Amino acid sequence: MSNEARGTWSGNLGLVLAATGSAIGLGNLWKFPYITWENNGGAFVLVYLGCIVLVGLPIMMAELLIGRRSQLSAVGALREAAGPAFRFVGLWGVLAGFILLSYYTVIAGWSLFYFWKALGWTVSGFDTAGSGLFGEQVANAPLQLILSLVFSAATIGVVYFGVSRGIERVAKVFLPVLFGILLLLLISALGMSGSGEALTHIFQPRFNELDGAGVLEALGHSFFTLSLGMGAMITYGSYIGRKQSIVKAGGAIVALDTIIALVATVIMFSVIFSVVGLRDEVGASAVGMLFISLPELFYTEVPFGTVLAPLFYVLVALAALTSTISLLEVVTAYLIDERKLSRHKAAVGSGVAIFVFTIFAALSFSPAGGFLASMNIWGEGKDGWFSTMDHFVSNWMLPTGGFAVAVAAGWIMTRKATFEQLVDGTEPRWFSFEAWRVCIRYIAPTAVLAIIIAVILGTDFS
Ligand code: TRP
């Protein structure tokens, strides 16, 4: 395999920012706030944090080390780490990346639309379109197709340029700006009248309001938000140099991702609880929360909101972009390593193939979508193909993929093989290899299995 087609990170910061860019995305800014809303906050958030620390963090380290050890993408790395059968786990991941990307770009497209709208509002004044506007744009099939096409093209463009010249460069510029803007928003949100109620709702556990499906969702989301369970971090790990610390990088990625998710939720809930009538509006379409509740805040409450609003939506788009490139990179790296394609061919070929499925997702919300819009095999969401795919990938494919990674790193690889990767004198003080072993061997697999079995046996998704 040519190393030129593969590439490497320029240094530790490059890896951390690129991987954090993968982790921070619509999962943090859009999905976490709305599932927290749907699951009534408190207890759900606590279970989610437990999943992050006991399951997500250990698996993050496992994926990075499996990738770095073989310097191969998901399929090859799992095969080298745990034997030929684990090739299929890698392929399962490539498939998950394929499906996930096919609908992720649709939501990312919404942020482009709102960026455009916000520019208009900034110039000629805000009109309170509320959820009406959101509903209109998702039902507009041609618009949805164009938006997701633009987004897919941008993703292909970055992956085309490769690891350090494409992926890393984009993350280095966009992430610091994203942090800055979110901080400004947080400060203004905390000053709003509903912020106290928002904090209570998010951080005070009320366990009677959480059900089995909610626990599965918390677990599934911890995989989704950290980009775990489908080989994305294995692929990014394969570009890590021998001298970089996997533990430090993993810790930083997980911490940043979690903080950003909580900050986004505090911001959004503060607005919802402050603005009269917004609560009902959100209740009707939690999916659109990011696009329904925030515009209002910008133009009515935030100092300099008229300037920040377009900037914010462009940043949501950028956060999504650093995630979509990691998804496409999983498929691309697989084609480069295992099918010996050039990077250019691999990126464009897989990108175009995935876009075909994006069309299904893009039509899910519109009457033109026909059966796609009504398809509803989980009896849950009302957005057809789109919800069905999201549900399947996040709640089933990612946890099962993560389970397999835990088995590979905890049971099949030798203690020595993992020890060498994690403990090399560069690891931080808080790290304990023994604790990691316990999590990866027992806690993570048991948690995933227990939750999946409980759901299969007992909980329905209505
Ligand atoms: N983590 C991203 C988010 O929170 C989504 C994502 C990007 C992802 N790459 C992934 C999820 C790989 C699972 C696997 O939006």
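Side chains are part of it too, since the values below use all heavy atoms of this structure and drop only hydrogens, waters and symmetry mates. If you read the sequence from its start, that first residue is 1, and numbering goes on from there. Here the structure is a predicted model, which means the values were calculated and not measured. All ligand and atom numbering here is 1-based and tracks the order in the structure.
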Side-chain contact test, heavy atoms from C-beta onward, threshold under 4.5 Å: evaluate it for Val159 versus Ile156 and give yes or no.
no
Rounded to the nearest 0.5 Å, what's the gap from CD on Glu217 to CD on Glu38? Could you check?
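The CD atom of Glu38 is 6.5 Å from CD of Glu217, to the nearest 0.5 Å.
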Check ligand 1 for N or O atoms under 3.5 Å from a protein N or O and list each pair with its distance.
| residue | atom | partner | partner atom | Å |
| --- | --- | --- | --- | --- |
| ligand 1 | 1 (N) | Ser22 | O | 3.1 |
| ligand 1 | 1 (N) | Ala23 | O | 3.0 |
| ligand 1 | 1 (N) | Phe224 | O | 2.8 |
| ligand 1 | 1 (N) | Thr225 | O | 3.2 |
| ligand 1 | 1 (N) | Ser227 | OG | 3.0 |
| ligand 1 | 4 (O) | Ala23 | O | 2.9 |
| ligand 1 | 4 (O) | Gly27 | N | 3.4 |
| ligand 1 | 4 (O) | Asn28 | OD1 | 3.4 |
| ligand 1 | 9 (N) | Ser227 | OG | 3.3 |
| ligand 1 | 9 (N) | Ser326 | OG | 3.0 |
| ligand 1 | 15 (O) | Leu26 | N | 3.1 |
| ligand 1 | 15 (O) | Gly27 | N | 2.7 |
| ligand 1 | 15 (O) | Tyr104 | OH | 2.4 |

Go through the side-chain N and O atoms of Ser148 and Thr358 and say whether any donor and acceptor fall under 3.5 Å apart.
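Thr358 and Ser148 do not have a side-chain donor-acceptor pair below 3.5 Å.
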I want to know whether Tyr48 and Phe32 have ring centres closer than 6.0 Å.
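So the answer is yes for these two rings.
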Hey, what's the ring geometry for Phe291 with Trp110, parallel, tilted or perpendicular (30° and 60° as the breaks)?
perpendicular
Look at the aromatic rings of Trp37 and Phe269 and report parallel, tilted or perpendicular, splitting at 30° and 60°.
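Judged by the thresholds at 30° and 60°, the geometry between Trp37 and Phe269 is perpendicular.
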